[in-house]
Peer 1: 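What follows is a single structure, and I will ask about it in a moment.
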Amino acid sequence: MMITRFAPSPTGHLHIGGARTALFNYLLARGQGGRFILRIEDTDVQRSEEAYAAGILEAMTWLGLSWDGEPVRQSARTGLHREFVQRLLSEGAAYWCSCRPEDLEAQRKKALAEGGKPRYDGRCRELGLGPAPGSVVRFKGPQSGQAAWQDQIKGPISFDCQELDDLVLLRGDGQPTYNLAVVVDDLTMGVTHIIRGDDHVNNTPRQILLYRALGAEPPLFGHVPMILGKDKTRLSKRHGATSVLAYRDLGYLPQALVNYLVRLGWAHGDQEVFRLQELIEKFSLKHVGKSAAVFNDDKLNWLNAHYLKQTPPQELAALMWPLLAARGHAKPSDAFLAQAAAAVRERGKTLTELADKAEFFFEDLPALDPQGAARLLTDDGRELLDDFGRRLLAAWPAERGDFDELLKALAQDRGVKIGQAAQPLRLALTGQTASPGLFEIVETLGPEKVQRRLAAALAWRPA
RNA sequence: GUCCCCAUCGUCUAGUCUGGUCCAGGACACCGGCCUUUCACGCCGGCAACACCGGUUCAAAUCCGGUUGGGGACGCCA
C-alpha cells in the first residue's frame with residue numbers, strides 16, 4: 001500500500017510551498033487508496049513552538065487535506081531514534097566524534113575562503129572514541145561509489161559519495177538530528193513515497209546511504225520544485241502573504257487556493273479548474289514539472305472569483321457574515337443576507353472585497369460619495385430623484401420587469417437617458433455611483449429602507 | 001568556490017519520454033469590441049514564447065554536446 005507523509009517542522013506558519021507539498025502527498029495517497037501521514041518534525045526544541053504546530057493543523061484542515069491517524073510527534077520518538085543510533089554504532093557504521101563546534105565552524109570558513117567545499121574532514125572517524133559529554137555520533141559513510149536514485153519528478157540523480165561528509169546523527173546533548181530521525185521514522189512508519197521540496201535533494205543521497213547501512217530498501221523519492229516570488233527569488237515574507245492562514249484571512253476560498261497550488265507545477269492538459277475529488281482521480285507525479293514556478297496573485301484571484309461565483313448565495317452569505325459582523329453590523333434575516341450576497345457575488349475577487357461591496361446593504365444610511373452627490377444631486381437631480389422615488393413607492397410591490405418599465409417611462413417623461421435617470425437613485429440607495437443592479441437593491445432593501453435613504457439623499461445640499 | 005537541479009508567451013503551462021499532425025495549444029494578465037441603468041459578469045477578437053551555439057536526422061521545441069542564465073545545497077536547522 002502506498003504511504004505518503006507531510007513532515008513540516010513547527011518553526012513557522014504553514015506556507016504556500018509547504019501547502020503544495022502537503023497537497024501533492026495527500027492527492028497521491030488518496031488517489032491510490034493509500035495512507036497520508038502527518039508528522040510534526042519537532043526535534044529542534046529551541047525553535048519548535050506549539051502554536052506553530054497548532055497553526056499547521058488548522059491550515060491543513062482549512063484546506064481540506066485530511067490525514068490518517070493522529071499527527072505524529074517526532075519528539076516522542078527519540079527513544080527509537082537512539083536505538084537505531086546504537087545499532088549503527090555497534091555495527092561500526094557510526095562513530096563518536098569529539099570535535100568542538102567552534103573548531104568545525106572555523107574549518108568550514110577556511111575551506112570556503114580557499115574555494116573548497118566546506119565539509120567535515122573525518123578526523124575522528126578511525127579514532128575509536130567512546131561516548132563523552134558533548135561528543136556527537138557521526139555516520140560512517142562510504143568514501144567511494146555513488147548514491148543514486150530515480151527521482152519520481154526529476155528523473156535520475158546521482159551523487160559521488162566522496163562529496164558527502166559524515167553527518168551528525170546524535171547531537172552533543174543526545175538529541176537525534178533531522179537526517180537520522182526522518183530516516184528512522186519513514187522506515188518504521190512504512191512510508192513508500194517521500195515527496196518533498198526541492199531543497200532536500202542534497203539530503204537524499206545521505207539518507208539513501210543511511211537506509212543502506214540499516215539494511216533497508218530506500219523508499220521512492222520525488223522532489224517538487226520551489227515556488228518563487230515575482231522577482232524569481234525564493235518566496236518569502238517580503239513578497240507579501242505567504243502563510244496559508246493569511247490567505248484565508250484575506251478572503252480566499254480553500255478550493256481556490258488548492259486549485260491554484262496544484263496548477264503551479266502540475267497540469268492535466270488544458271484544464272484549469274478542478275474540484276478536490278477530481279484532483280484525487282487525475283493527479284500524478286508524471287505531470288509535475290521540473291522547474292520552479294513564480295507565484296502569481298492574478299491567477300489566484302481569478303480562480304477565487306470563479307469559486308465565489310459558484311458558491312450558492314446562502315453559503316456565500318454564511319462566509320461573508322463574519323466579516324460584516326466584525327465591522328459592527330447587526331445581523332439581518334438570512335434571506336436579506338443571501339440576497340445581498342447574491343447581489344455582489346460576481347463583483348469581487350475575495351470575500352473581503354464582497355463584504356466591502358455589500359456593506360451599504362447593512363448600514364442605516366450609507367454615506368454619500370461626495371463627488372457623486374455633487375454631480376448627481378443638483379436641483380434638477382433631486383427633483384428627478386423625488387419623481388423616481390414617488391413612482392417607485394407607488395408601484396410597490398412590483399416585479400423586476402415592472403421596475404424596468406417604470407425606469408424607462410421616467411426617462412422618457414423627463415427627456416433624459418436611462419442611465420441618467422438611474423444614477424441619482426443608485427447614489428441615494430448605496431451612497432456610490434457603482435453598485436449591483438438597481439432593482440435587485442430596491443427589492444432587497446424593501447420600501448421602508450428605500451424611502452429612508454431617498455429622504456436622506458433629497459435632504460442633501462452642496463457644502 | 002564545490003556539488004546537484006532547471007530552461008516554451010510578462011506569469012502558470014500543453015507539447016519533449018515514443019522526432020514529422022506545432023510557421024507551437026490553453027489559462028491569467030494586458031489591449032480592442034459586443035452586451036449594459038452604473039460597476040462587474042459574460043461573450044468575441046488581438047498581442048505575445050521553443051535562451052544561445054553546434055551536432056545527429058530527409059525532418060528537432062522534441063535526441064546529443066557545449067555556452068549562457070537561473071535556482072538549490074554545502075549546520076550538533078529542518
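Quick note on labels: first sequence line is chain A, next is B, and so on, each numbered from 1. These numbers come from the heavy atoms of this one structure, side chains and all, not from hydrogens, waters or symmetry mates.
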Peer 1: Quantified in whole Å, what is the P atom distance between nucleotide B/rC41 and nucleotide B/rA61?
Peer 2: 38 Å
Peer 1: Whole angstrom is fine here: how far is it from CG in A/Asp198 over to C1' in B/rA78?
Peer 2: 15 Å
Peer 1: Might you confirm whether atom CD of A/Gln412 has over 12 heavy atoms from other residues, nucleotides or ligands at distances under 6.0 Å?
Peer 2: no
Peer 1: With heavy atoms under 4.0 Å as the rule, sort A/Lys232 into base, sugar-phosphate or nothing.
Peer 2: sugar-phosphate
Peer 1: Relative to A/Phe139, does A/Arg206 satisfy both conditions: NZ or CZ under 6.0 angstrom from the six-membered ring centre, and within 45 degrees of the ring's axis?
Peer 2: no
Peer 1: Taking only side-chain N and O atoms of A/Arg108, does any of them lie within less than 4.0 angstrom of OP1 or OP2 on B/rG75?
Peer 2: yes
Peer 1: Round to a whole Å and report the spacing from OH of A/Tyr95 to P of B/rC76.
Peer 2: 12 Å
Peer 1: What interatomic distance, in whole Å, is found between P of B/rA48 and the corresponding atom of B/rC4?
Peer 2: 40 Å
Peer 1: Would you find a donor on one side and an acceptor on the other, under 3.5 Å apart, between the side chain of A/Arg5 and the backbone of A/Ile37?
Peer 2: no
Peer 1: Reckon A/Arg375 has a side-chain N or O less than 4.0 Å from the OP1 or OP2 of B/rU38?
Peer 2: no
Peer 1: Output the rounded distance in Å from CD (A/Gln150) to P (B/rC5).
Peer 2: 12 Å
Peer 1: Regarding A/Pro436, tell me which of base, sugar-phosphate or nothing describes its non-hydrogen contacts under 4.0 Å with the strands shown.
Peer 2: base
Peer 1: Using the C1' atom on both, measure B/rC52 against B/rU11 and round to a whole Å.
Peer 2: 23 Å
Peer 1: Using Watson-Crick or G-U wobble geometry with both distances under 3.5 Å, which nucleotide pairs with B/rA73?
Peer 2: B/rU2
Peer 1: Starting at atom CG of A/Leu167, determine the distance to atom P of B/rA73, rounded to an integer number of angstrom.
Peer 2: 17 Å
Peer 1: Under 3.5 Å, side chain of A/Lys290 to main-chain N/O of A/Pro225, donor-acceptor pair present?
Peer 2: no
Peer 1: Looking for any heavy atom pair under 4.0 Å, which part of the strands does A/Gly134 touch: base, sugar-phosphate only, or nothing?
Peer 2: base
Peer 1: List the protein contact pattern of nucleotides 25-37 of chain B with one symbol per nucleotide (5' to 3'): B for base contact, S for sugar-phosphate-only contact, - for none; contact means a heavy-atom distance under 4.0 Å.
Peer 2: BBBSS-------B
Peer 1: Quote, to the nearest angstrom, the P distance that separates B/rU16 from B/rG72.
Peer 2: 29 Å
Peer 1: For B/rC74, does the base pair up with any side-chain atom of A/Arg119 as donor and acceptor (N or O, under 3.5 Å, distance only)?
Peer 2: no
Peer 1: Strictly by Watson-Crick or wobble contacts shorter than 3.5 Å, is anything paired with B/rU16, and which nucleotide is it?
Peer 2: none
Peer 1: Can you tell me if A/Thr350 uses its side chain to pair, donor with acceptor, with the backbone of A/Gly251 under 3.5 Å?
Peer 2: no
Peer 1: In the structure shown, which nucleotide is the Watson-Crick or G-U wobble counterpart of B/rA7, with both distances under 3.5 Å?
Peer 2: B/rU68
Peer 1: Report the residues that fulfil ring-ring contact (aromatic ring centres under 6.0 Å, His included) with A/Phe24, sequence neighbours left out, ordered by chain and then residue number.
Peer 2: A/Phe283
Peer 1: With the side chain of A/Ala267 defined as its heavy atoms from C-beta on, choose the nearest nucleotide among B/rC5, B/rC76, B/rA14.
Peer 2: B/rA14
Peer 1: State whether a side-chain donor-acceptor pair under 3.5 Å links A/Asn304 with A/Trp302.
Peer 2: no
Peer 1: Suppose we define a pair by two distances each less than 3.5 Å, Watson-Crick or G-U wobble; what does B/rC43 pair with here?
Peer 2: B/rG33
Peer 1: Counting any heavy atom closer than 4.0 Å, what does A/Val294 reach on the DNA or RNA strands: base, sugar-phosphate only, or nothing?
Peer 2: sugar-phosphate
Peer 1: Using atom C1' in both nucleotides, what's the gap between B/rA24 and B/rU2 to the nearest angstrom?
Peer 2: 39 Å
Peer 1: Just checking, is any N or O donor in the side chain of A/Thr444 or A/Gln339 under 3.5 Å from an acceptor N or O on the other one?
Peer 2: yes
Peer 1: Rounded to the nearest angstrom, tell me the gap between atom NE2 in A/His223 and atom C1' in B/rA73.
Peer 2: 11 Å
Peer 1: If you check the A/His287 side chain, which of B/rC76, B/rC39, B/rG15 turns out closest?
Peer 2: B/rG15
Peer 1: Which residue lies toward the 5' end of RNA chain B, A/Asp165 or A/Thr43, if each is placed at its nearest nucleotide?
Peer 2: A/Asp165
Peer 1: Considering only atom C1', compute the distance from B/rG19 to B/rA59 and round it to an integer number of Å.
Peer 2: 8 Å
Peer 1: For A/Arg77, which of A/Asp42, A/Asp186, A/Asp185 qualifies under salt bridge (charged side-chain N to carboxylate O under 4.0 Å, His left out)?
Peer 2: A/Asp185
Peer 1: Counting only side-chain heavy atoms from C-beta out, which of B/rC12, B/rG42, B/rA78 sits nearest to A/Lys309?
Peer 2: B/rG42
Peer 1: Given B/rG71, is OP1 or OP2 found less than 4.0 Å from the side-chain N or O atoms of A/Lys290?
Peer 2: no
Peer 1: Pick the C1' atom in B/rA14 and in B/rC35, then give their distance to the nearest Å.
Peer 2: 32 Å
Peer 1: Tell me whether the side-chain N/O atoms of A/Thr233 come closer than 4.0 Å to OP1 or OP2 in B/rG71.
Peer 2: no
Peer 1: Without decimals, in angstroms, what is the distance between A/Lys109 NZ and B/rG75 P?
Peer 2: 12 Å
Peer 1: Without decimals, in angstroms, what is the distance between A/Leu112 CG and B/rC3 P?
Peer 2: 14 Å
Peer 1: According to ring-ring contact (aromatic ring centres under 6.0 Å, His included), who are the partners of A/His200, at least two apart in sequence or on a separate chain?
Peer 2: A/Tyr178
Peer 1: So what does A/Ser435 hit on the nucleic acid, given a heavy-atom distance under 4.0 Å: a base, only sugar-phosphate, or nothing?
Peer 2: base
Peer 1: I'd like the P distance from B/rG55 over to B/rU62, given in whole Å.
Peer 2: 14 Å
Peer 1: Kindly say whether, by distance alone, the side chain of A/Asn203 makes a donor-acceptor pair under 3.5 Å with the base of B/rA78?
Peer 2: yes
Peer 1: Could you state the atom-to-atom distance from CD of A/Gln162 to P of B/rC4 in whole Å?
Peer 2: 12 Å
Peer 1: Let's test this: given Watson-Crick or G-U wobble pairing with both distances under 3.5 Å, identify the partner of B/rC63.
Peer 2: B/rG55
Peer 1: Can you figure out which of B/rC12, B/rA40, B/rC76 approaches the side chain of A/Leu264 most closely?
Peer 2: B/rC12
Peer 1: Check whether A/Asp160 reaches the backbone of A/Glu163 with its side chain - one donor and one acceptor, N or O, closer than 3.5 Å.
Peer 2: no
Peer 1: With RNA chain B as reference, determine whether A/Cys99 or A/Arg234 sits nearer its 5' end, using the nearest nucleotide of each.
Peer 2: A/Arg234
